[in-house]
Amino acid sequence: MSRTATWLVRIALGVAGLVALVFAVLMTASGQRMALRVARHAASGPDFTLSIGRLEGSLFNHARIDRIAVADRNGTWLEVRNIRVTWSALSLFGGHINIEQLLADAVELIRQPAASDSTAGPSAGPAVPMMRMTLKRMQIDELILDEAFAGVAARFAIKANADLVDHRHGLKARISAKRLDQPGAELDAHLAYVPDGRKLAVRVSAAEPAGGLVARLLQMPDKPALAFTFSGKGPLDAWQADWSLSAAAQPFVAGRIRIDRDGARHRLATDFAGYVQALVSSDWSTLAAGKTTGSMVGHFSGLARFDVSHMLISNDALRLRGAGGFERATSFAHGTLSLDVGRADTHPVAIKLSGEAPLSVRKLRMKLSLPDDRNARDISLDLAAQGVTHPLGAVSAFDLSAHAKQTMPTGVRALSAEHIRLQLTADGFNSPVKGLADAVGMRPQLDMKGVLKAGALTIERFRLGDATSQLVGSAALSADALSASARLAISDVSRFSTLFGRQLAGHLELEGKASAGLRKGDYAVSFDGAAADLTLGQGVLAGLVGKSLQLAGDVAGDAAGGMALRNFKATGKNLSLAAKGRYAQNAIELDHTIDVGDLSA
């Protein structure tokens with residue numbers, strides 16, 4: 001035997017011995033506890049902590065763990081209690097997960113996990129190989145959704161089983177859920193694939209009584225009893241399904257899905273019709289007025305590519321049309337999307353945004369264009385609205401135009417764009433707030449230029465205002481943070497006279513910087529500037545300030561609503577004011593000094 005062959009044999013024997021030693025250690029109770037500690041440490045991070053409780057039995061066949069918990073910086077948000085598993089670890093060597101039973105007394109979702117503080121971009125992590133699986137029995141005695149997690153507290157019992165080993169011999173799966181704290185709420189879902197004729201059957205049924213979880217989450221008026229059914233069957237090359245949703249035992253929306261082979265691809269056609277306004281949050285319900293119909297036709301090649309040749313959703317208030325496609329491997333998307341909002345009787349359509357006062361619009365038209373060009377393309381968004389009304393004011397017309405160039409709209413550069421230009425104009429602004437229309441101006445405009453790179457937006461320059469009042473600056477926006485610097489110049493402050501209830505004159509220049517943590521919810525603002533040739537009307541204030549005023553200060557705030565004022569200074573002819581303080585939990589702490597130079601003024 002040659003020397004090389006001898007060393008290869010020795011190395012192979014060494015590796016085999018090491019594997020055998022590791023396996024032998026892991027077969028012991030102490031070795032398995034050590035493995036759990038290593039797994040807990042490997043899975044934990046600055047924003048994620050995994051806790052694994054006491055182990056009984058063996059991880060390789062019959063095991064019980066009394067508690068598994070997941071926590072973030074605010075504490076535990078997920079807890080699983082009394083987990084029992086019976087499985088065959090040796091089946092992994094055949095690429096097959098064989099679980100005899102997986103049981104848990106309780107799985108409790110306490111609240112939503114906190115947002116990560118990490119500034120690193122998203123990571124796909126290592127690829128997880130697809131595994132064939134048999135799960136003969138899975139049962140969770142209690143799935144507990146706390147109110148802080150779902151908005152409504154709920155408790156469910158879950159059962160499931162699956163045989164997803166080899167599609168050549170058939171696949172099947174079933175899951176059922178029953179709500180424990182509200183009788184009559186349940187879900188049952190079946191999937192079965194028969195290789196003879198490549199036939200697939202899917203059946204889903206779900207129901208809940210009046211006042212149920214889904215009706216509450218959808219904020220449906222009267223919170224009626226709901227029922228959903230889905231039934232699909234047939235060969236994969238000619239498959240069809242029907243579904244329906246009913247409220248208070250009355251069907252109100254239903255649809256169909258059909259999939260047929262079309263050459264090397266499959267054709268998907270779906271349509272629905274019904275009165276969906278009750279399903280939509282009251283904030284947006286006017287956009288679903290009347291009978292809503294929808295249809296879509298597209299083609300797909302597995303999960304690699306999906307193309308839509310036709311998409312249409314319409315009702316009494318809107319008409320949404322589109323066509324396009326998406327390619328998964330290159331992240332390339334293209335298409336056109338157009339939206340028309342407006343009623344035939346010209347009554348305004350009201351929309352409520354994020355708990356704010358409702359915004360209504362009489363007519364709106366929007367169009368988005370992403371050309372089907374992989375090398376370089378010009379993308380555009382145009383929006384025009386008429387009769388826009390808000391409790392603070394209204395505009396007769398609102399126009400927005402945005403254009404950008406993508407030099408390579410695929411892969412990691414799919415979220416990048418150059419030469420971004422956005423222009424916004426509002427015509428005919430008026431307001432019930434006395435003096436606000438004069439202060440804002442009849443035709444305010446926004447002009448912005450920027451660059452988008454890997455999802456982060458850099459605004460090279462923005463300008464907001466009109467001929468006598470302008471805010472000019474730059475900004476940067478990412479998923480985590482916002483920063484900006486700007487200069488405010490008002491050449492004639494008399495436009496604010498009615499708003500402040502006194503005759504004003506002069507001009508103002510102010511420079512400032514701002515930053516905000518979008519995940520943490522904190523912010524900071526600093527400013528420094530001066531007003532000159534001031535006229536503040538008659539009274540004590542005019543005598544104290546005189547013809548000029550210097551302003552400077554810093555303000556910082558946090559997600560809890562706390563705010564701190566630091567180094568605020570205001571200096572006029574006969575006035576010097578310095579202040580600092582803090583607002584938190586409805587309490588105000590303020591330290592200030594005021595120096596008046598000439599009381600006779």
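For reference, positions follow the sequence shown, starting with 1.
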- Any donor and acceptor pair, going by atom type alone, linking the side chain of Asp72 with main-chain N or O of Thr49 inside 3.5 Å? no
- Message: Check this for me, if you would: do Arg179 and Glu208 make a salt bridge, where the nitrogen-to-carboxylate-oxygen distance has to be below 4.0 angstrom?
- Response: no
- Query: Would Leu287 and Asn315 count as a side chain to side chain contact (heavy atoms under 4.5 Å, CB included) if you check the C-alpha gap in whole Å, the side-chain angles of each, and the deciding distance to 0.1 Å?
  - Reply: CA-CA 8 Å; Leu287 290 174; Asn315 56 36; 5.9 Å; no
- Asp66 bridged to Arg54 by N-O distance under 4.0 Å: yes
- Any side-chain heavy atom of Ile158 within less than 4.5 Å of one from Gln139? no
- N-O pairing of Asp163 and Lys136 below 4.0 Å: no
- Item | Between Thr229 and Ser244: side-chain donor-acceptor atoms closer than 3.5 Å | yes
- CZ (Arg84) and CG (Leu103) are apart, to the nearest 0.5 Å, by 5.0 Å
- Query: Which atom names give the shortest non-hydrogen contact between Ala247 and Pro224, and what distance separates them?
  - Reply: CB-CG, 3.9 Å
- Quick one: closest heavy-atom pair of Trp87 and Ile99, and the distance? CB-CA, 3.9 Å
- With sequence neighbours left out, the residues meeting side-chain contact (heavy atoms from CB on, under 4.5 Å) with Leu370 are Arg377, Ile379
- Task: Taking all non-hydrogen atoms of both residues into account, name the closest pair between Leu213 and Ala154 and its distance.
- Result: CD2-CB, 4.4 Å
- Are any of the side-chain heavy atoms of Phe272 and Val253 separated by less than 4.5 Å? yes
- Query: So do the side chains of Gln386 and Val361 get within less than 4.5 Å of each other, counting heavy atoms only?
  - Reply: no
- Message: Ignoring hydrogens, what is the shortest heavy-atom contact between Pro358 and Pro391? Give both atom names and the distance.
- Response: O-CD, 3.5 Å
- Would you mind telling me which of Lys178, Lys159, Arg174 makes a side chain to side chain donor-acceptor pair (under 3.5 Å) with Asp188? Arg174
- Message: Determine whether a donor-acceptor pair (N or O, by modelled atom type, separation under 3.5 Å) exists between the side chain of Ser478 and the backbone of Ala481.
- Response: yes
- Mind running side chain to side chain contact (heavy atoms under 4.5 Å, CB included) on Arg319 and Leu339 for me, showing each step along the way? CA-CA 6 Å; Arg319 185 177 179 87; Leu339 171 67; over 6 Å; no
- Message: Quick check: do Asp480 and Leu518 have side-chain heavy atoms less than 4.5 Å from each other?
- Response: no
- Message: Distance check, rounded to the nearest 0.5 Å: Leu368 atom CG versus Leu383 atom CG?
- Response: 11.0 Å
- For Glu108, all residues meeting salt bridge (charged side-chain N to carboxylate O under 4.0 Å, His left out), sequence neighbours excluded: Arg81
- Side chains of Thr293 and Ile313 in contact at under 4.5 Å (non-hydrogen atoms): no
- Which pair of non-hydrogen atoms, one from Asp146 and one from Ile110, has the smallest distance, and what is that distance? CB-O, 3.3 Å
- Message: Nearest 0.5 Å, please: how far is CG in Asp242 from CZ in Phe230?
- Response: 8.5 Å
Result block: side-chain N/O donor-acceptor pairs under 3.5 angstrom for residues 254-263, not counting sequence neighbours:
residue, atom, partner, partner atom, Å
Arg256, NH2, Asp271, OD1, 3.4
Arg256, NH2, Asp271, OD2, 3.3
Arg258, NE, Asp260, OD1, 3.3
Arg258, NE, Asp260, OD2, 2.9
Arg258, NH1, Gln240, OE1, 2.9
Arg258, NH2, Asp260, OD1, 3.2
Arg261, NE, Asp237, OD1, 3.3
Arg261, NE, Asp237, OD2, 3.4
Arg261, NH1, Gly263, O, 3.1
Asp262, OD2, His299, NE2, 2.9

- Query: Does any non-hydrogen side-chain atom of Leu102 lie less than 4.5 Å from one of Thr86?
  - Reply: no
- Any donor and acceptor pair, going by atom type alone, linking the side chain of Gln277 with main-chain N or O of Ser285 inside 3.5 Å? yes
- Taking the side chain as C-beta and beyond, is there a heavy-atom pair between Asp382 and Leu400 under 4.5 Å? no
- Task: Flag the pair Lys520 and Asp522 as a salt bridge only when some basic side-chain nitrogen lies within less than 4.0 angstrom of an acidic carboxylate oxygen.
- Result: no
- Note on the structure: OG1 (Thr292) and CG (Leu318) are apart, to the nearest 0.5 Å, by 7.0 Å
- Task: Kindly write out the residues that satisfy salt bridge (charged side-chain N to carboxylate O under 4.0 Å, His left out) with Asp316, not counting sequence neighbours, or none if the list is empty.
- Result: none
- Query: Can you check whether Leu135 reaches Asn161 side chain to side chain, under 4.5 Å on heavy atoms?
  - Reply: no
- Message: Can a side-chain donor-acceptor contact be found between Glu327 and Thr330 if the only test is distance below 3.5 angstrom?
- Response: yes
- Are any side-chain N or O atoms of Trp77 and backbone N or O atoms of Leu109, one a donor and one an acceptor, separated by less than 3.5 Å? no
- Query: Do the ring planes of Phe228 and Trp243 sit parallel (below 30°), tilted (30 to 60°) or perpendicular (above 60°)?
  - Reply: tilted
- Query: Checking Thr336 side chain against Gly322 main chain: does a donor-acceptor pair fall under 3.5 Å?
  - Reply: no
- Does the distance from a Lys or Arg side-chain N to an Asp or Glu carboxylate O, for Arg365 and Asp340, drop under 4.0 Å? yes
- Query: Nearest 0.5 Å, what's the CG-CD1 distance between Asn82 and Ile65?
  - Reply: 10.5 Å
- Query: More than 12 heavy atoms of other residues, nucleotides or ligands under 6.0 Å from CE of Met311: is that the case?
  - Reply: yes
- Message: Surrounding CG of Asp196 (heavy atoms of other residues, nucleotides or ligands, distance under 6.0 Å), is the total greater than 12?
- Response: no
- Message: According to side-chain contact (heavy atoms from CB on, under 4.5 Å), who are the partners of Gln112, at least two apart in sequence or on a separate chain?
- Response: Phe149
- Note on the structure: Correct closest heavy-atom pair for Asp181 and Ala153 would be OD2-O, 3.8 Å
- Message: Under the rule for salt bridge (charged side-chain N to carboxylate O under 4.0 Å, His left out), what residues qualify as partners of Arg203, not counting sequence neighbours?
- Response: none
- Query: Taking everything shown except Lys223 itself, do over 12 heavy atoms lie less than 6.0 Å from its NZ?
  - Reply: yes
- Answer yes or no: does atom CZ of Phe326 have more than 12 heavy-atom neighbours from other residues, nucleotides or ligands under 6.0 Å? yes
- Checking side chain to side chain contact (heavy atoms under 4.5 Å, CB included) for the pair Arg67/Glu79: CA distance, chi angles, key distance, verdict? CA-CA 7 Å; Arg67 179 179 180 268; Glu79 185 175 82; 2.6 Å; yes
- Walk me through it: do Thr134 and Ile97 pass the test side chain to side chain contact (heavy atoms under 4.5 Å, CB included)? CA-CA 6 Å; Thr134 299; Ile97 301 176; over 6 Å; no
- Query: Once you round to the nearest 0.5 Å, how far does NE2 of His62 lie from CD of Glu100?
  - Reply: 8.5 Å
- Query: Between the main-chain N or O of Ala350 and the side-chain N or O of Thr286, is there a donor-acceptor pair closer than 3.5 Å?
  - Reply: yes
